[in-house]
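A short write-up of the structure that comes next.
This one's a predicted model, so the numbers in the text were calculated from it and none came from an experiment. Ligands are counted one by one from 1 in listed order, and the atoms in each one are counted from 1 as well.
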Amino acid sequence: MSEQLILGIESSCDDTAVALVSETGDVISAATQNQVRIHEEWGGVFPELASRAHAAEIIPTIKAVMAQANVSLDLIRAIAVTRGPGLIGPLMVGVNSAAGLGMAWGKPVIGVNHLRGHLRSAALEGGNVKYPALVLLVSGGHTLLALMTNSDDVKILGASRDDSVGEAYDKTARLLGLGFPGGPEIDKLAKLGRPNIEFPRPMLREGLEFSFSGLKAAVARYVERYPDSESKDVAASFVASVLDVLASKCAMALKETKASSLVVVGGVAASPQVRHRMEEVAVSAGAELSLPPLKWSTDNGAMIALAGWDYVRSGRYPLLRPVARLSIQDF
Ligand code: KG4
Ligand code: ZN
């Protein structure tokens with residue numbers, strides 16, 4: 001192999017993830033060490049424990065990815081590492097490890113915006129994104145709609161005023177006594193139930209902003225009032241409400257922007273039900289649907305490496321310092 005590669009490193013939350021990726025989005029090797037076992041007893045991510053686990057796992061994960069690829073260091077064009085947004089301790093582990101590696105290898109180190117990583121995840125492994133693209137980002141930390149005219153240019157059209165979709169899934173899972181992380185658990189349970197409870201569809205027809213805290217509260221009230229209700233029906237009704245909101249906002253935004261494609265990224269895009277509903281929305285708007293391969297929907301190193309290639313092409317090298325908050329419009 002003679003194609004140049006970027007080593008991507010992700011540690012903004014509870015996954016220590018590393019990958020080697022070519023400029024065209026081929027993933028040469030990748031590894032992710034998740035911390036589910038560590039955080040499940042707390043029912044959420046415990047930042048201090050996350051930092052410690054990243055510190056223990058990051059070098060072995062980098063070594064595993066390098067060994068698996070078995071490529072010469074000459075082929076490494078740069079190291080891309082998540083600089084934010086995320087938890088400061090976990091970010092610090094990633095950024096400092098990347099800085100050390102860059103010094104040892106004599107390679108440039110690029111601090112990448114995690115959200116730009118998600119945006120680019122749909123272009124991994126042969127994925128094609130047609131611009132202008134309407135992007136729906138649904139992750140644990142963010143929920144927003146954005147318009148991209150090319151892989152660099154992002155304009156936010158609307159975002160959540162409170163909880164993200166991922167948070168709503170996770171909190172509802174906790175209410176129903178399901179495991180951590182809750183999103184995949186709700187997703188699985190919902191498939192077995194009937195959506196026979198009328199939960200609210202927050203801000204359904206009010207522009208392109210979202211709100212999910214009211215829905216979460218409605219589920220909590222319902223479960224308290226009807227403790228014997230079937231969890232699978234509550235889960236199915238919750239998912240039906242979320243899907244109606246996401247579908248309606250995407251349909252509205254596609255109509256307004258006349259985007260050529262609908263791109264759905266972030267952890268919640270790993271849900272088969274979300275994927276299926278978004279397919280329907282894209283088809284009825286005459287837009288192409290672009291989704292990341294399932295394993296690149298949740299946090300991973302490959303999306304950070306691919307975003308790193310954009311930074312290299314445009315010569316952007318943001319200050320290599322962890323930042324807790326960043327907008328998707330930032331680099
Ligand atoms: O993008 P991501 O891995 O991390 C952030 O950047 O936040 O997203 C994590 C979120 C969590 O809330 C998790 O419960 C949710 O994505 N998630 C899912 C599924 N897989 C992960 N939600 C619904 N269905 C899934 N299959
Ligand atoms: Zn993420």
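- For E10 and S12, the side-chain atoms include at least one donor-acceptor pair closer than 3.5 Å.
- No cation-pi contact links R316 to Y311, judged by a cut-off of 6.0 Å to the six-membered ring centre and 45° from its axis.
- Salt-bridge formation is detected for the pair R52/E48: a Lys NZ or Arg NE/NH1/NH2 atom is positioned less than 4.0 Å from an Asp or Glu carboxylate oxygen.
- There is no side-chain donor-acceptor pair under 3.5 Å between T32 and D15.
- Among protein residues, H114, H118, S139, G140, G141, G166, Y169, D170, G183, P184, D187, G266, G267, V268, A270, S271, T298, D299 come within 4.0 Å of ligand 1, judged on heavy atoms.
- Using a cut-off of 4.0 Å between Lys/Arg side-chain N and Asp/Glu carboxylate O, R277 and D244 are scored as salt-bridged.
- Taking a cutoff of 4.0 Å between a charged side-chain nitrogen and a carboxylate oxygen, K188 and E185 qualify as a salt bridge.
- Surrounding CE of M66 are more than 12 heavy atoms belonging to other residues, nucleotides or ligands, all under 6.0 Å away.
- The distance cut-off of 2.8 Å around the Zn ion (ligand 2) captures these protein N, O or S atoms, sorted by chain and number: H114 NE2, H118 NE2, D299 OD1.
- A salt bridge between D163 and K216 is present, with a side-chain N of the basic residue lying under 4.0 Å from a carboxylate O of the acidic one.
- Figure legend: cation-pi geometry between R174 and F180 absent, as NZ or CZ is not positioned both under 6.0 Å from the six-membered ring centre and within 45° of its axis.
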